[in-house]
Amino acid sequence: MPNLEYYIGSERDDAALRSVLHQTPMDGPIKMTFEREPSFFGVKHLEGSFHQTIVGRDSKNGKVFGVTNRSIRQLYFNGKIESVGYLGLMRLLPEYQTGFPALRGYQYCKKLHLDQKTKFYLTSIMDGNEPALKLLKSGVRGLPRYQEYSHFCTRSIPVRVKPKKKIISTTISIIDGQKVDQSALVRFLNQYGKQHQFYPMWTQETLFNPEHTPGLKPENMLVAIKNEEIVGCMAMWDQRSVRQTVVKGYKNSLSKIQWLINGYSLILGYPPLPKKNSKLKSCFISHVAIEKDNPDIFLELLTQCHNFLIQKKIEYMVIGFDENHPFDYIVKSNFKNVPAYSRIYLVSWEIDGIDPLQMADNRLPGIEVAIL
């Protein structure tokens with residue numbers, strides 16, 4: 001394939017890039033696409049304040065065949081703020097998934113990396129993405145080094161019609177973010193972030209900013225207060241106005257019993273399996289910060305998020321943690337959920353002579369699922 005070219009995308013590529021997303025579903029029991037409507041570039045600051053969209057184009061026929069995002073964000077690493085890159089999206093049309101187009105794309109990424117804006121990157125690859133995993137294990141010269149950092153679990157929790165019972169202690173109250181001083185909220189988020197690896201650094205300018213957090217407002221956040229101090233917070237971040245998850249179909253075994261599952265779901269008060277080509281009515285649970293990772297405060301905030309979302313007609317709330325994080329155990333022990341696993345890698349180039357995995361200390365991962 002000698003006719004491939006790569007360049008930094010712009011608004012003129014918007015329609016072609018959205019088309020690539022429509023045509024590249026993630027495989028699994030439920031086949032889904034992750035789309036960006038009405039504008040591909042409407043979420044460019046979601047992954048970081050510095051952002052580049054890398055476009056792959058076949059100069060022979062003019063077709064845009066692939067896309068990757070290179071972003072850089074301020075994250076906490078070993079307790080300090082670090083400019084960490086993120087290589088995301090990574091989509092190729094089926095006829096270009098031969099390995100060579102991806103390799104050429106990595107070569108282009110390496111050239112961009114020479115700007116020295118970051119030392120290394122995070123990236124996420126879904127379990128079962130065999131073409132990507134095969135390429136990474138191939139040992140082909142020119143690829144960056146991928147070091148597995150975390151086995152990450154994203155859980156989609158169905159929102160039942162019936163509210164869940166609250167368990168909050170009488171010494172703690174929960175209020176919405178409108179009633180909290182934002183500077184105090186930012187300080188609490190960052191204090192928590194220092195104790196966790198790759199937790200986002202927030203400022204008053206970015207926390208509820210339509211460019212950096214589209215769709216997130218103070219009233220979408222719940223805050224736990226004890227003795228007039230913040231001891232926990234959690235946001236309900238509905239991103240459907242800028243990016244959507246679309247169900248493209250089900251594998252045979254699941255499609256044959258979809259009617260049965262939906263019947264039981266109706267009886268038990270759970271949402272039915274979505275119809276083909278429908279958009280998931282989902283909401284991310286984000287900005288999770290809990291003093292000393294207190295499990296009771298975490299569970300109460302998540303329970304109240306569930307109950308709040310019933311009235312918003314959200315059918316699934318989506319939350320994610322490293323599979324060894326104690327919060328992941330609390331979620332799966334207290335809520336019915338559909339898990340999806342991915343592997344978080346630390347990606348570095350040989351020319352930099354660093355070992356990010358060796359550099360990372362043993363703090364719990366604080367990766368934010370809502371910006372992956």
Side-chain angles (χ1 to χ4, degrees), residues 75-80 150-157 159-160 163-202 207 216 218-237 283-309 317-337 339 344 360-371:
L75 304 177
Y76 284 100
F77 182 62
N78 294 344
K80 298 179 180 179
S150 166
H151 198 206
F152 195 83
C153 184
T154 301
R155 297 187 184 274
S156 295
I157 303 169
V159 176
R160 291 191 64 182
K164 292 180 70 70
K165 184 179 179 181
K166 299 177 184 179
I167 56 162
I168 197 67
S169 162
T170 55
T171 62
I172 294 176
S173 59
I174 293 182
I175 59 178
D176 74 52
Q178 296 180 97
K179 300 173 183 176
V180 178
D181 178 70
Q182 287 194 17
S183 62
L185 184 56
V186 166
R187 282 196 303 273
F188 181 76
L189 285 164
N190 289 327
Q191 287 167 2
Y192 181 83
K194 290 177 184 178
Q195 302 161 26
H196 297 78
Q197 296 289 32
F198 304 115
Y199 193 91
M201 187 272 288
W202 295 103
L207 182 57
L216 183 64
E219 56 265 35
N220 302 138
M221 183 174 281
L222 297 181
V223 182
I225 304 291
K226 182 178 182 180
N227 298 328
E228 299 184 355
E229 297 289 334
I230 299 174
V231 293
C233 64
M234 187 179 290
M236 296 159 284
W237 190 356
C283 176
F284 286 104
I285 300 299
S286 67
H287 297 77
V288 176
I290 310 293
E291 184 179 71
K292 298 180 181 178
D293 285 327
N294 183 299
D296 294 331
I297 297 174
F298 171 78
L299 179 57
E300 178 58 24
L301 282 169
L302 189 57
T303 298
Q304 295 214 23
C305 283
H306 173 277
N307 295 347
F308 179 85
L309 291 173
M317 53 183 191
V318 179
I319 193 167
F321 299 101
D322 178 273
E323 67 174 354
N324 294 316
H325 197 296
F327 287 169
D328 183 63
Y329 177 79
I330 293 171
V331 173
K332 70 181 180 182
S333 300
N334 290 275
F335 292 85
K336 291 188 181 297
N337 66 90
I344 306 293
D361 65 25
N362 61 357
R363 294 167 213 240
L364 279 172
I367 296 164
E368 175 59 79
V369 65
I371 58 177

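Counting begins at 1 with the first residue of the sequence. What you see below is based on every heavy atom in this structure, not just the backbone, and it leaves out hydrogens, waters and symmetry mates.
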When every non-hydrogen atom of A235 is compared with those of L216, the smallest separation belongs to CB-CD1, 3.9 Å

OG1 (T171) and NZ (K226) are apart, to the nearest 0.5 Å, by 4.5 Å

- Q191 versus E291: any side-chain heavy-atom pair under 4.5 Å? no

Note to self: Would you say that I225 contacts V231 through its side chain, given a criterion of any heavy-atom pair below 4.5 Å between the two side chains?
What the structure shows: no

So do the side chains of M234 and C305 get within less than 4.5 Å of each other, counting heavy atoms only?
yes

The side chain to side chain donor-acceptor pair (under 3.5 Å) partners of S150 (sequence neighbours excluded) come to D322

Closest non-hydrogen contact found for F152 with G320 is CZ-C, 3.4 Å

The single option from I371, V369, I319 that satisfies side-chain contact (heavy atoms from CB on, under 4.5 Å) with F284 is V369

Partner of F298 under ring-ring contact (aromatic ring centres under 6.0 Å, His included), picked from Y192, Y329, F327, is F327

Separation between CE (M236) and CE (M317), nearest 0.5 Å, reads 10.0 Å

For residues 180-197, the salt bridge (charged side-chain N to carboxylate O under 4.0 Å, His left out) pairs (sequence neighbours left out) are none

Smallest heavy-atom separation, V318 atom then S156 atom, equals CG2-OG, 3.9 Å

Q. Less than 4.5 Å apart, any side-chain heavy atom of L75 and any of E368?
A. no

Closest heavy-atom pair, A224 versus I297, reported as atoms and distance to 0.1 Å, is CB-CG2, 4.0 Å

Rounding to 0.5 Å, atoms CG (D176) and SG (C233) come to a distance of 13.0 Å

Note to self: Do H325 and D293 pair up side chain to side chain, a donor and an acceptor below 3.5 Å, judged on atom types alone?
What the structure shows: no

Side chains of M221 and L185: does their closest heavy-atom pair fall under 4.5 Å?
yes

Residues passing the side chain to side chain donor-acceptor pair (under 3.5 Å) test with N337, sequence neighbours excluded, are R155

Given 3.5 Å as the limit, does a donor-acceptor pair link the side chain of N78 with the main chain of D361, or not? yes

In terms of heavy-atom contacts, Y199 and G193 come closest through CD2-CA, 3.4 Å

Run F77 and F198 through ring pair (Phe, Tyr, Trp, His ring centres under 6.0 Å) and show every step you take.
CA-CA 6 Å; F77 182 62; F198 304 115; 5.3 Å; yes

*Answer yes or no: is there a donor N or O on one side and an acceptor on the other, between the side chain of N334 and the main chain of I330, under 3.5 Å?*
yes

Check your understanding: If only atom types and distance count, is the side chain of Q197 paired as donor or acceptor with the main-chain N or O of N362 below 3.5 Å?
Key -> no

In this structure, CH2 of W202 is separated from CG of L189 (nearest 0.5 Å) by 8.5 Å

Those residues at least two apart in sequence (or on a different chain) that pass ring pair (Phe, Tyr, Trp, His ring centres under 6.0 Å) with F335 are none

Across all chains, not counting sequence neighbours, the side chain to side chain donor-acceptor pair (under 3.5 Å) partners of Q195 are none

Check your understanding: Heavy-atom distance under 4.5 Å between the side chains of L309 and C283, does that happen here?
Key -> yes

Nearest heavy-atom contact between A370 and W237 is CB-CE3, 3.6 Å

In the structure I gave you, are the side-chain heavy atoms of I290 and L301 within less than 4.5 Å of one another anywhere?
yes

Here the gap from I174 atom CD1 to E300 atom CD, rounded to the nearest 0.5 Å, amounts to 4.5 Å

Residues passing the side chain to side chain donor-acceptor pair (under 3.5 Å) test with N227, sequence neighbours excluded, are none

Are any side-chain N or O atoms of N307 and backbone N or O atoms of K164, one a donor and one an acceptor, separated by less than 3.5 Å? yes

Any donor-acceptor N/O pair, H196 side chain to Y76 backbone, under 3.5 Å:
no

